Amino acid sequence: MAIREILVVPDPRLKLVSKPVAKVDDKLRDLMDDMLQSMYAADGIGLAAIQVGVPKRVIVMDLAKSGEAPDPRYFVNPVLSDPSDNLEPYEEGCLSVPTVFDEVERPDRIKIKYLDYDGQPREEIAEGMFAVCIQHEMDHLEGVLFIDYLSRLKRQRAVQRVKKLEKDKSREDAA
Ligand code: GNR
Ligand code: NI
């Protein structure tokens with residue numbers, strides 16, 4: 001297992017549309033293991049493969065609260081359907097847009113079909129934080145970030161903020 005670097009804006013790879021996975025095999029499980037470890041290391045609750053530079057339709061997630069037992073979840077080739085009419089706002093963040101948080105409205109309930117860690121087909125209804133997170137991660141598979149739902153001004157500010165953060169970080173590393 002290895003911790004992989006998480007891409008941040010404005011990396012153009014974050015805009016790619018990810019490709020379906022042909023087979024859930026050991027190589028894909030290695031990727032999912034690395035993604036989960038990288039997500040935990042970055043204190044995230046979800047991660048899409050493109051965030052570590054791999055344009056495949058793979059998501060990992062762990063919504064366990066701190067102090068609770070870990071609850072790793074894996075979603076391969078996920079498909080969402082039957083969104084509720086009711087939208088709920090939630091203050092979102094993204095490991096690819098560090099330190100930026102803003103409100104996004106999404107359906108509060110949605111159906112999800114996917115293949116699990118063993119390649120078995122599964123179907124669930126997502127609600128609450130699960131609904132927020134799975135829709136945020138599905139957007140990554142389409143090259144969409146939560147800041148794309150904000151005003152152009154807010155989006156530009158967000159990207160500038162991350163650019164500065166990265167610049168300051170690379171200066172620190174050099175010093
Ligand atoms: O760690 C994360 N927290 C989060 C908070 C609110 C809404 C969505 C998320 S997902 C994010 C990790 C991430 O960037 N996944 O793509
Ligand atoms: Ni994200």
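Because the structure is a prediction, the values reported are computed rather than measured. Counting convention: from 1, in listed order, for ligands and their atoms alike.
- With hydrogens and angles ignored, the 3.5 Å screen pairs a side-chain donor or acceptor of D62 with a backbone N or O of A64.
- With respect to D168 and R171, a salt bridge is recorded, a charged nitrogen being found less than 4.0 Å from a carboxylate O.
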Give the C-alpha distance, both sets of side-chain angles, the deciding distance and a yes or no for side-chain hydrogen bond (donor to acceptor under 3.5 Å, both in side chains) between Y114 and E124. CA-CA 9 Å; Y114 62 98; E124 292 179 64; 2.4 Å; yes
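- Surrounding CD of E68 are more than 12 heavy atoms belonging to other residues, nucleotides or ligands, all under 6.0 Å away.
- With respect to E142 and R57, a salt bridge is recorded, a charged nitrogen being found less than 4.0 Å from a carboxylate O.
- For ligand 1, the protein residues within 4.0 angstrom (heavy atoms only) are G44, I45, G46, Q51, Y90, E91, E92, G93, C94, L95, M129, V132, H136, E137, H140.
- For the Ni ion (ligand 2), protein N/O/S neighbours under 2.8 Å (waters excluded) are C94 SG, H136 NE2, H140 NE2.
- For R106, the side-chain hydrogen bond (donor to acceptor under 3.5 Å, both in side chains) partners two or more places apart in sequence, or in a different chain, are E92, D139.
- Surrounding CZ of R109 are at most 12 heavy atoms belonging to other residues, nucleotides or ligands under 6.0 Å away.
- M1 belongs to no multi-residue hydrophobic cluster, having no ILVMFWY side-chain contact under 4.5 Å with any other such residue.
- Other residues, nucleotides and ligands contribute only 12 or fewer heavy atoms inside 6.0 Å of the OH atom of Y90.
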